[in-house]
Amino acid sequence: MTSNAEYSYLCQEVWEHNKRYYIDNAPTISDYDYDRLLKRVEEIEQEHPDWTLPSSPTQRVGEMPSEGFATVKHVLPMLSLQNSYSEEELDDFIKRMEKLVGQKELRYFCELKVDGTAISVHYSKGTLTRAVTRGNGSEGDDITGNVKAIQSLPLQLVGTTLPNELEIRGEVFMPKASFEKLNQRREKEGQQLFANPRNAAAGSLKQLNPKVTAERDLAIAFYAVAHSAPTSLTKQSQASGYLQQLGLPSVYSCRLCRSKEEIITYIKEVSELRPSLPFEIDGIVIKIDDLALQKELGTTGKSPRWAVAYKFSPKQATTTVLDITVQVGRTGTLTPVAELDPILLAGSTISRATLHNEEEIRRKDIRISDSVTIEKGGDVIPKIVSVDLSKRKQDTSPWQMPKRCPSCDSVVVREEEEVAVRCPNAPSCPAQLHRRIAFFAGRYAFDIEHLGEKIVAQLIDTGLVKRLSDLFILTPEQLAQLEGFKEKSIHNLLKSIEQAKKTTLSRFILGLGIRHIGTETADLLAKHAGEIKALIDMDKETLIQIEGIGEKVAAAIVEHFQTPSNIKEIEALIDNGVQPIKEEFKHDRTHAFYGKTIVLTGTLQTISRQEATALIKQHGGKVSSSVSTNTHFVVAGDSPGSKLDKAKKLNLTILDEQQFKKTIGFDSHEK
Ligand code: IVH
């Protein structure tokens, strides 16, 4: 028997998870668990309709519009789908359809359910005029500026008969390869990782600065025409062809099915295809194919009657927490990590899972020796979803964050309004020093080849390096004392260190390891300051004047340069031969080709291959000869051949000669 109190508690729970998912982009439970929770709320409301709260999650569709964007009302509501997880639930859907339509053997169009974030895009006379998020279903955020940063989204439709007004619905997503690269970069920069490509896509779209969105490598696929479809479009199965004709990317690998058996075969095939797809899917969508029937069937309030999502259950496994250890990051943040009894999950052995912070552990009440369920859905990072309390051993106690740093034994501090606990001993904590040097030597900062994690540890353990600047006065004799170092390795390392002395100002700033400063902010600061001395002298007010620098970052910069040991360190770096030079920002980081891999195929008519290659490089791109999931753009000239076929299969962005020249600014370049 359910009590009214339990019902309101559940509603509250769902809202809390909604907020974590949509606003913080940091969910703490799986979609599966969320759906079960929501289903429970729905069941109670069916049993006790009079209990239904106006604020119940069933009365609203998911997401809430966020601050900072204009709110736009959708012409037609953006609904969400009913989820199903089993053949039985699928069977229920089919029976329901047959009963409602009064006909057997209906046709169902099945599509991949792309795991991203829903979007509605409007074209007027073929020109993109507006893009809006789902929001609460009836109104969403106007994110037109950000969406324009998506390279595969045409700003202008192609074709001879363009519709006057066209509103289409689709999903913005981040390809798996781009997601991994983004997280690798964020990890190096000490930024919080995105839990999965879906959160990364949603987070990237909600950036107030479209330049940040532009760097995130998002993609888009459309699946429906919401408004002003031509009369010739009578079936869902014709939609992707129609969209493609207009030059719009559409969801692919769809199939028209005539029975439950055919749908199940499709589900099985897609499950097998799933690991090799360049983007994440979280299930398939099954839709009545006949659009007139769809209209007739209508909606149930927040979902269409004529469609259902068949969601893949997340890949889960049960294991034991052997220990909870604490890692110390380069800025001193203590991160708890669960050391797990190694277990095979979705193709890889999992032995650790990050627990983020103390609050997260308390919320889930994870204790050493607990039996836990771990999950790896679309997520690259495995997480602990729940604890099996029935298996909890006696005499366990809640885990507590150590009061002292596990590396240097300093008393840790918790700053106001921060969940994180930090070791304040920045100058001499060995763990912080290790992370700082690894970051300093890393690809995005000083980029010192041959200085890997193991060598960093050796240099610290032997006391040869006590601060960053010590790296630049290492001698061959000192290195010769280290285990495994021979003439060649000594020469290689010293040569890389020597080469790293000449660096750009932004890499220099990044390498200092100031809290909250990643590559983007370091670039901004270098551009504005011009030289390190000028940056040191800037006060908080001056820093805040720079567009893109907020209070928190400005405070961290000022604090860093107010610490005498940090100034001494900069002086020592310069004394030891480091020369930060003001870079000429030849590469516009927001350019579509910056940091991207481009494949040229076929014959280009008005530009030579050499010239095209040089232009791509000038814009910070790389030219590759083969197409793979790591390719970002394929430029197709005449008679393109198999590379184009492969690009299409992988759903890559394909540019024709005209589009390529426009992107690269070739015409203006000629003048
Ligand atoms: S049809 C009435 N088809 O799944 C809703 N949705 O809750 C019609 N999605 O975020 C949705 N791939 O954006 C449909 N092939 C597909 C889809 C798809 C992904 C997303 C949709 C929304 C969620 C549905």
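The first residue of the sequence shown is numbered 1, and numbering continues consecutively from there. Whatever order the structure lists them in is the order used to number ligands and atoms, beginning at 1.
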Of all protein heavy atoms, the one nearest atom 18 (C) of ligand 1 is Tyr223 CE2, 3.4 Å
Just to verify, which of Val385, Val387, Asp388 counts as forming a side-chain contact (heavy atoms from CB on, under 4.5 Å) with Thr373? Val385
Asp142 side chain to Thr144 backbone, donor-acceptor under 3.5 Å: yes
Are the side chains of His122 and Ser124 in touch, meaning some heavy atoms are under 4.5 Å apart? yes
Report yes if Val114 has an N/O atom closer than 3.5 Å to an N/O atom of ligand 1; otherwise report no. yes
About how many Å separate CG of Leu655 and CZ of Phe593, when rounded to the nearest 0.5 Å? 5.5 Å
Does Lys287 pair with Glu111 as a salt bridge, N-O distance under 4.0 Å? yes
Which of parallel (below 30°), tilted (30 to 60°) and perpendicular (above 60°) describes Trp51 and His48? parallel
If you measure from each heavy atom of Ala224 to ligand 1, is any distance below 4.0 Å? no
At a 4.0 Å cut-off, with the gap strictly under it, does some heavy atom of Arg134 reach an atom of ligand 1? yes
Ignoring hydrogens and angles, state whether a donor on the side chain of Arg305 or Thr300 is under 3.5 Å from an acceptor on the partner side chain. no
N or O contact, Glu111 vs ligand 1, cut-off under 3.5 Å: yes
Looking only at protein heavy atoms, which one is nearest to atom 4 (O) of ligand 1, and how far off is it? Lys113 NZ, 3.1 Å
Please confirm whether Glu171 comes within less than 3.5 Å of ligand 1 when only nitrogen or oxygen atoms on both sides are compared. yes
Decide, yes or no, whether a salt bridge links Glu89 with Lys39 under the criterion of side-chain N to carboxylate O below 4.0 Å. yes
Can you find an N or O of Leu112 that's nearer than 3.5 Å to an N or O of ligand 1? yes
Which residue supplies the protein heavy atom nearest to atom 5 (C) of ligand 1, what is that atom called, and how far is it? Leu79 O, 3.6 Å
Within-cut-off N or O pair, Lys287 and ligand 1, under 3.5 Å: yes
Is Leu81 close to ligand 1, meaning an N/O of one under 3.5 Å from an N/O of the other? yes
For ligand 1, which atoms have a heavy atom of Ser80 less than 4.0 angstrom away? 7 (O)
Give a yes or no on whether the backbone of Asn357 and the side-chain of Glu360 come within a donor-acceptor separation of less than 3.5 Å. no
Report, in ascending order of atom number, the atoms of ligand 1 lying under 4.0 Å from any heavy atom of Pro304. 2 (C)
